[in-house]
Student: 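The following block contains the structure, expressed as structure tokens.
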Amino acid sequence: MTARRDIEASSGDRITRRLKRSFYVRPTLEVARDLLGRTLCRKLPDGRTLRGRITEVEAYDGPRDRASHAHRGRTPRNAPMFERGGIAYVYLIYGIHHCLNVVTGECGYPAAVLVRATDPPAHGARAAGPGLVARAFAIDRRHDGASLSGGELWLEHGAPVSDRVVSRTARVGVAYAGAWAHRRYRFLMKR
DNA sequence: GGTGCGATTGCA
DNA sequence: GCAATCGCACCA
């Protein structure tokens, strides 16, 4: 969906390609699908901006999703998932890797989309695997809860992605989640 | 306060 | 196939 309402004007007359809040405050599976092809943007302390086209995501949808960190209720770690969509949820996995999630939906409903892979659009970063995405974009716990409308981390429109090139599969690494493990909540670009 | 482990990655 | 490495969820 490339709705025009998702394009907002910057303070000047220049039109930005930045996704606005309403993009994220929608059903998680919808947002997950629509995140494919979008551009993940990260402004580094040195002023450089990294960009990468999102090519793979996974949705974690609600308190009943047994694969979700929110399945056991709200905790200090997963608190950002309960916020209104449009912020980041970043956690440390295996004591080594950070994982970037895009929080979705309304306040009080825990949901997020894990960014699993990006391609370089022009001069951007390629990264296959959630830990590698976070590393490539220099994202860590400091970005946990950060707005995706802020100056460090944000998303922009990309070329629309046709359904013909989108695959859906079960999520990775959630075998413990019973029937939820089989749900096709993983969206990726065919190649 | 103690214990077990994970929405992963890289190397043998 | 499996070690790395630690925050945190859970139990006492």
Side-chain angles (χ1 to χ4, degrees), chain A residues 23-38 40 42 50 52-106 108-120 124-148 153 155 166-191:
Chain A
F23 175 87
Y24 306 98
V25 188
R26 292 185 296 147
T28 312
L29 292 170
E30 238 178 86
V31 178
R33 162 64 180 84
D34 283 351
L35 278 172
L36 293 177
R38 308 298 181 181
L40 176 62
R42 164 85 165 100
L50 303 176
R53 188 168 184 245
I54 295 174
T55 56
E56 180 183 342
V57 297
E58 282 177 1
Y60 291 84
D61 187 20
R64 296 179 47 196
D65 181 353
R66 286 185 55 196
S68 171
H69 288 170
H71 175 239
R72 297 170 186 277
R74 187 175 178 136
T75 69
R77 178 177 70 156
N78 66 26
M81 292 186 74
F82 289 74
E83 299 298 313
R84 190 158 179 261
I87 66 172
Y89 166 43
V90 182
Y91 65 90
L92 183 64
I93 187 76
Y94 297 110
I96 303 173
H97 309 288
H98 293 275
C99 293
L100 168 68
N101 292 254
V102 171
V103 174
T104 62
E106 290 292 350
Y109 184 81
V113 178
L114 174 66
V115 179
R116 293 188 56 90
T118 64
D119 264 358
R126 178 187 298 278
L132 296 177
V133 169
R135 186 202 290 182
F137 286 83
I139 291 165
D140 57 38
R141 286 299 299 264
R142 292 193 304 264
H143 301 96
D144 190 32
S147 169
L148 294 177
L153 194 59
L155 288 159
V166 174
S167 298
R168 285 185 66 169
T169 75
R171 292 170 293 186
V172 173
V174 297
Y176 58 83
W180 289 84
H182 306 304
R183 296 208 178 194
R184 300 196 307 163
Y185 281 8
R186 176 178 179 227
F187 298 79
L188 64 159
M189 315 264 302
K190 292 176 187 166
R191 44 165 298 160

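Throughout, a chain's letter reflects where its sequence line sits, starting with A, and its residues are numbered from 1.
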Student: Is the shortest side-chain heavy-atom distance between A:Asp65 and A:His71 below 4.5 Å?
Tutor: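 Of all side-chain heavy-atom pairs linking A:His71 with A:Asp65, none is under 4.5 Å.
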
Student: First and last nucleotide of DNA chain B touching chain A, 5' to 3', heavy-atom cut-off 4.0 Å?
Tutor: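 The contacted stretch runs from B:dG6 to B:dG10.
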
Student: Please list, chain by chain and in numerical order, all residues satisfying side chain to side chain donor-acceptor pair (under 3.5 Å) with A:Thr75, sequence neighbours excluded.
Tutor: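 Here the qualifying residues are A:Asn78.
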
Student: Under 4.5 Å between any side-chain heavy atoms of A:Leu153 and A:Leu40, yes or no?
Tutor: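 Yes - at least one pair of side-chain heavy atoms lies under 4.5 Å apart.
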
Student: Give me each pair satisfying salt bridge (Lys or Arg N to Asp or Glu O under 4.0 Å) with a member in residues 87-97 of chain A, each pair once, sequence neighbours excluded.
Tutor: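 Residue pairs with at least one partner in residues 87-97 of chain A: there are none.
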
Student: Would one find more than 12 heavy atoms of other residues, nucleotides or ligands at under 6.0 Å from atom CZ of A:Arg72?
Tutor: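 Atom CZ in A:Arg72 is not crowded, with 12 or fewer foreign heavy atoms closer than 6.0 Å.
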
Student: Of all of residues 170-185 of chain A, which get a heavy atom below 4.0 angstrom from DNA chain C, listed by number?
Tutor: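 Those residues: none at all.
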
Student: Could you walk me through whether A:Glu58 and A:Val115 pass side chain to side chain contact (heavy atoms under 4.5 Å, CB included), step by step?
Tutor: CA-CA 7 Å; A:Glu58 282 177 1; A:Val115 179; over 6 Å; no

Student: Is there a residue in residues 65-78 of chain A whose heavy atoms reach under 4.0 Å of DNA chain C, and which residues are they?
Tutor: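 Of all residues in residues 65-78 of chain A, the ones placing a heavy atom under 4.0 Å from DNA chain C are A:Arg72, A:Thr75, A:Pro76, A:Arg77.
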
Student: If the condition is side chain to side chain donor-acceptor pair (under 3.5 Å), which residues does A:Tyr91 pass it with, not counting sequence neighbours?
Tutor: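 A:Tyr91 satisfies side chain to side chain donor-acceptor pair (under 3.5 Å) with no other residue.
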
Student: I'd like the 5' and 3' limits of the part of DNA chain C contacted by chain A, with heavy-atom contacts below 4.0 Å.
Tutor: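 That gives a stretch of C:dA4 to C:dC10.
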
Student: Can you pull out every side chain to side chain donor-acceptor pair (under 3.5 Å) where at least one residue sits in residues 177-188 of chain A? Sequence neighbours excluded, please.
Tutor: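 Non-adjacent pairs meeting side chain to side chain donor-acceptor pair (under 3.5 Å): A:Glu56-A:Arg186, A:Thr169-A:Arg186, A:Arg183-A:Tyr185.
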
Student: What's the verdict on salt bridge (charged side-chain N to carboxylate O under 4.0 Å, His left out) for A:Arg53 and A:Asp119, showing C-alpha distance, side-chain angles and the deciding distance?
Tutor: CA-CA 5 Å; A:Arg53 188 168 184 245; A:Asp119 264 358; 5.7 Å; no

Student: If the condition is salt bridge (charged side-chain N to carboxylate O under 4.0 Å, His left out), which residues does A:Arg74 pass it with, not counting sequence neighbours?
Tutor: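 Counting only residues at least two positions away or on another chain, A:Arg74 forms a salt bridge (charged side-chain N to carboxylate O under 4.0 Å, His left out) with A:Glu83.
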
Student: Do the side chains of A:Leu188 and A:Arg116 get nearer than 4.5 Å, heavy atoms only?
Tutor: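 No, their side chains stay 4.5 Å or more apart.
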
Student: Please tabulate, one pair per line, all N/O donor-acceptor pairs under 3.5 Å involving side-chain atoms of residues 93-106 of chain A, not counting sequence neighbours.
Tutor:
{"from": "A:Asn101", "atom 1": "ND2", "to": "A:Tyr89", "atom 2": "O", "distance (Å)": "3.2"}
{"from": "A:Thr104", "atom 1": "OG1", "to": "A:Thr28", "atom 2": "OG1", "distance (Å)": "3.1"}

Student: Any base atoms under 4.0 Å from A:Leu114, or only sugar-phosphate, or nothing? Heavy atoms, all strands.
Tutor: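 Base, at least one base atom sits under 4.0 Å.
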
Student: Return all side-chain donor-acceptor pairs below 3.5 angstrom for residues 130-145 of chain A, not counting sequence neighbours, or 'none' if the list is empty.
Tutor:
{"from": "A:Asp140", "atom 1": "OD1", "to": "A:Arg142", "atom 2": "N", "distance (Å)": "2.8"}
{"from": "A:Asp140", "atom 1": "OD2", "to": "A:Arg142", "atom 2": "NH1", "distance (Å)": "3.3"}
{"from": "A:Asp140", "atom 1": "OD2", "to": "A:Arg142", "atom 2": "NH2", "distance (Å)": "3.3"}
{"from": "A:Arg141", "atom 1": "NE", "to": "A:Val90", "atom 2": "O", "distance (Å)": "3.3"}
{"from": "A:His143", "atom 1": "ND1", "to": "A:Asp140", "atom 2": "N", "distance (Å)": "3.2"}
{"from": "A:His143", "atom 1": "ND1", "to": "A:Asp140", "atom 2": "O", "distance (Å)": "3.4"}
{"from": "A:His143", "atom 1": "NE2", "to": "A:Glu152", "atom 2": "OE1", "distance (Å)": "2.9"}
{"from": "A:Asp144", "atom 1": "OD1", "to": "A:Val90", "atom 2": "N", "distance (Å)": "3.0"}

Student: Report which part of the nucleic acid A:Arg135 touches: base, sugar-phosphate, or nothing (heavy-atom distance under 4.0 Å, all strands).
Tutor: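 Touches sugar-phosphate only.
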
Student: Are any of the side-chain heavy atoms of A:Val113 and A:Arg33 separated by less than 4.5 Å?
Tutor: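 No, too far: nothing below the 4.5 Å cut-off.
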
Student: Kindly indicate whether the side chain of A:Leu148, heavy atoms from C-beta on, has any atom under 4.5 Å from the side chain of A:Phe23.
Tutor: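 No, side chains not in contact.
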
Student: Sticking with atom P, work out how far C:dC2 lies from B:dC5, rounded to a whole angstrom.
Tutor: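 C:dC2 and B:dC5 have their P atoms separated by 16 Å.
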
Student: Toss me the dot-bracket line for DNA chain C: Watson-Crick and G-U wobble, both under 3.5 Å, 5' to 3', using | for pairs to another strand and [ ] for crossers.
Tutor: ||||.||||||.

